2 protein chains.
Amino acid sequence: MSLKLDTNGSAIDNADSSLLVRRETTTLRHQATDILRKAIIDQRFPPGKHLVERELCELLGVSRTSVREALRHLESEHLIRMVPHKGPVVATLSATEARNIYEVRAALEGLAGELFATHATDEQIRELVRISKDLTNKVRSGEFDSVLEIKSQFYDVVFAGAQNDMLARMIHSLNTRVWLLRRMSLMSPDRSKKMIMEVKDIIKAARARDPQSMKDACIRHVKSASEVVLPKIDELEQDSA
Amino acid sequence: MSLKLDTNGSAIDNADSSLLVRRETTTLRHQATDILRKAIIDQRFPPGKHLVERELCELLGVSRTSVREALRHLESEHLIRMVPHKGPVVATLSATEARNIYEVRAALEGLAGELFATHATDEQIRELVRISKDLTNKVRSGEFDSVLEIKSQFYDVVFAGAQNDMLARMIHSLNTRVWLLRRMSLMSPDRSKKMIMEVKDIIKAARARDPQSMKDACIRHVKSASEVVLPKIDELEQDSA
DNA sequence: GATTATAATATTGTAATACAATCTTGCAAA
DNA sequence: TTTGCAAGATTGTATTACAATATTATAATC
């Protein structure tokens with residue numbers, strides 16, 4: 001496993017028009033946080049795995065100070081759990097938690113949709129349409145790997161149009177925790193087809209600028225995804241018991 | 001200012017029936033986090049104040065290690081903002097952010113209400129009724145200081161009945177950030193009266209176990225609070241500009 | 001005097017080391 | 001087999017150190 005990060009934060013790309021100094025914000029602990037987060041999301045550290053600080057130090061090539069502060073951050077994202085005097089454990093996701101998260105996501109994404117239909121610019125609506133077409137193509141051609149990424153773009157536009165950063169951050173943090181469930185759900189081809197239909201409903205409501213329908217469509221979309229995913233995680237939990 | 005914390009974590013209260021070992025979970029950094037959080041919420045560190053790590057060390061009587069890890073935690077709660085190479089700054093709350101938070105709160109507390117009406121036990125409903133009466137009394141007798149505390153109890157019961165920890169945690173973290181706005185809002189006597197009415201609506205819906213009305217009542221309650229508070233923070237922002 | 005260059009200072013970011021508290025494990029004794 | 005204890009591992013915390021960066025004060029130049 002090589003998770004090493006570059007100690008000299010490079011990247012002095014100042015090609016854009018702004019004359020602002022490209023302030024080097026990437027601290028080591030920040031890089032460490034990102035790398036560890038990615039490792040957890042990609043399941044290189046499987047749920048339940050007991051992490052050892054010293055091993056992480058070697059793995060990342062940074063000191064314990066930085067590792068510990070990174071762990072503190074991941075703890076607040078609920079990606080790891082700190083057991084006193086035992087150390088960090090990669091968070092597991094119980095069926096109950098997954099259910100809870102999808103309940104909250106439905107409410108929040110419903111709100112996001114409602115706000116988008118209310119505040120979005122025409123350009124943002126067009127952008128959403130464009131992405132949804134892209135999504136359809138990728139599903140048709142079977143490129144399921146890129147579907148999740150495009151889906152993220154889709155939501156980024158929704159959040160931008162909704163004009164509520166707090167909301168965007170909260171949904172994002174929820175999604176981080178159910179990332180693998182989402183991947184699981186989008187991989188199944190029949191789910192993909194249904195997903196496309198639901199996105200079409202969302203687009204329709206967006207073009208009509210109808211907050212209520214947009215909200216409903218977004219909620220239906222999350223609920224529909226949860227109906228695919230939750231039974232699966234229920235099974236998994238049964239198996240391990 | 002004395003914010004010192006006790007280094008020897010004391011507290012071996014094992015009077016309850018459980019035979020489980022009362023595991024000593026209070027690490028120094030945890031205590032430090034709590035104390036700093038409280039100091040910020042109580043405005044002993046006013047918004048925008050530049051905190052200096054070494055001063056915090058002396059203030060709390062712990063090492064920089066612990067202080068920094070505590071800061072990492074508060075950063076993720078958005079109570080402080082880390083400026084690279086300048087250090088932690090107590091977070092300020094813009095009018096826009098406040099508006100965003102109240103939007104999200106409305107959605108989340110609406111969900112909490114809906115879930116409570118669906119899942120709560122009869123005992124929990126009775127408990128809610130009891131607390132709301134307590135609340136009415138305190139408002140009548142003008143004890144506004146304790147109103148906010150009882151209101152917290154009220155919500156704790158709602159969350160317990162809603163059976164969604166994730167939801168509870170998210171609302172709680174939002175409330176932390178708008179704590180002073182809430183205090184501001186509840187202090188005004190006429191707001192209190194309206195608040196009592198709204199709580200009565202919530203109670204009514206809870207007893208009827210009507211998810212939809214409970215949801216609506218909870219949303220109305222948050223919206224109503226925001227209508228009192230948001231103009232005030234708008235003024236504040238105008239003044240400082 | 002105003003502006004710029006330079007130095008001094010303060011603070012954060014990171015590392016390395018140390019040690020006590022605690023947990024885990026394995027082994028010996030009953 | 002169970003109990004007790006020692007050894008090892010790991011975290012929690014403190015201390016010290018130093019480089020990188022930001023701020024402030026001072027001197028130099030126009």
Side-chain angles (χ1 to χ4, degrees), chain A residues 3-12 14 20-36 45 48-76 80-91, chain B residues 3-12 14 20-36 45 48-76 80-91:
Chain A
L3 291 176
K4 277 247 164 42
L5 42 85
D6 60 331
T7 310
N8 50 348
S10 61
I12 311 285
N14 212 342
L20 279 172
V21 173
R22 173 56 143 213
R23 190 151 252 134
E24 200 46 67
T25 53
T26 48
T27 59
L28 283 185
R29 71 160 178 279
H30 200 286
Q31 292 182 61
T33 307
D34 289 345
I35 290 182
L36 289 179
F45 298 143
K49 176 166 177 65
H50 185 133
L51 301 177
V52 178
E53 293 178 359
R54 193 171 42 72
E55 290 175 5
L56 296 180
C57 293
E58 288 177 19
L59 219 53
L60 298 171
V62 295
S63 77
R64 235 181 113 196
T65 309
S66 301
V67 166
R68 283 178 63 88
E69 294 190 14
L71 290 174
R72 230 39 83 229
H73 205 101
L74 295 175
E75 180 188 14
S76 67
I80 63 170
R81 194 167 39 93
M82 294 299 299
V83 184
H85 292 284
K86 280 201 64 179
V89 177
V90 178
Chain B
L3 291 175
K4 279 251 161 48
L5 42 83
D6 61 329
T7 310
N8 50 349
S10 63
I12 310 287
N14 212 339
L20 279 172
V21 174
R22 173 59 142 210
R23 192 153 247 134
E24 199 49 63
T25 53
T26 51
T27 59
L28 283 187
R29 72 162 179 278
H30 199 287
Q31 291 182 61
T33 307
D34 289 345
I35 290 181
L36 288 180
F45 298 144
K49 177 166 175 64
H50 186 133
L51 301 177
V52 178
E53 292 178 1
R54 193 171 41 74
E55 290 174 7
L56 296 180
C57 293
E58 287 177 20
L59 220 54
L60 298 171
V62 295
S63 76
R64 236 180 110 198
T65 310
S66 301
V67 166
R68 283 179 63 90
E69 293 190 15
L71 289 175
R72 235 33 88 231
H73 204 102
L74 295 177
E75 182 187 11
S76 67
I80 63 171
R81 195 166 40 92
M82 294 299 299
V83 185
H85 292 284
K86 279 201 60 176
V89 177
V90 178

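Chain A is the first sequence line, chain B the second, and so forth, proteins listed ahead of strands; every chain is numbered from 1. Small disclaimer: the values here were computed from a predicted structure and weren't measured.
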First locate atom [atom1] of [X], then atom [atom2] of [Y], and finally report the distance between them rounded to the nearest 0.5 Å.
X       : Y       : atom1 : atom2 : result
A:Arg68 : A:Cys57 : CZ    : SG    : 10.0 Å
A:Ser63 : A:Glu53 : OG    : CD    : 11.0 Å
A:Leu51 : A:Leu36 : CG    : CG    : 7.5 Å

Please report the distance, rounded to the nearest Å, between [atom1] in [X] and [atom2] in [N].
X       : N      : atom1 : atom2 : result
A:Arg29 : D:dA20 : CZ    : C1'   : 14 Å
B:Arg54 : D:dA17 : CZ    : P     : 16 Å
A:Leu51 : D:dG12 : CG    : P     : 13 Å
B:Leu56 : D:dA14 : CG    : P     : 14 Å
A:Glu58 : C:dA15 : CD    : C1'   : 15 Å
B:His85 : D:dA19 : NE2   : P     : 15 Å
A:Leu28 : D:dT21 : CG    : P     : 12 Å
A:His50 : C:dT22 : NE2   : C1'   : 13 Å

When you measure from the side chain of A:His73 to the backbone N and O of B:Glu75, does any donor-acceptor pair fall under 3.5 Å?
no
At under 4.0 Å, does any side-chain N or O of [X] touch on OP1 or OP2 of [N]?
X       : N      : value
B:Arg64 : D:dT15 : no
B:Lys86 : C:dT12 : no
B:Ser66 : D:dA14 : yes

The side chain of [X] is closest to which nucleotide in this list: [options]?
X       : options                : answer
A:Met82 : D:dG12, D:dT21, C:dT14 : D:dG12
B:Glu53 : C:dG13, D:dG12, D:dA14 : C:dG13
B:Thr27 : D:dT13, C:dT12, D:dT11 : D:dT13
B:Ser63 : D:dT15, C:dA15, D:dG12 : D:dT15

Pick base, sugar-phosphate or nothing for A:Arg68, based on heavy-atom distances below 4.0 Å to the nucleic acid.
base
Is B:Leu71 touching bases, backbone alone, or none of the nucleic acid, heavy atoms closer than 4.0 Å?
nothing
Please evaluate the base of C:dA15 for a donor-acceptor partner in the side chain of A:Thr65 within a cut-off of under 3.5 Å?
yes
Any side-chain heavy atom of B:Ile35 within less than 4.5 Å of one from B:Leu59?
no
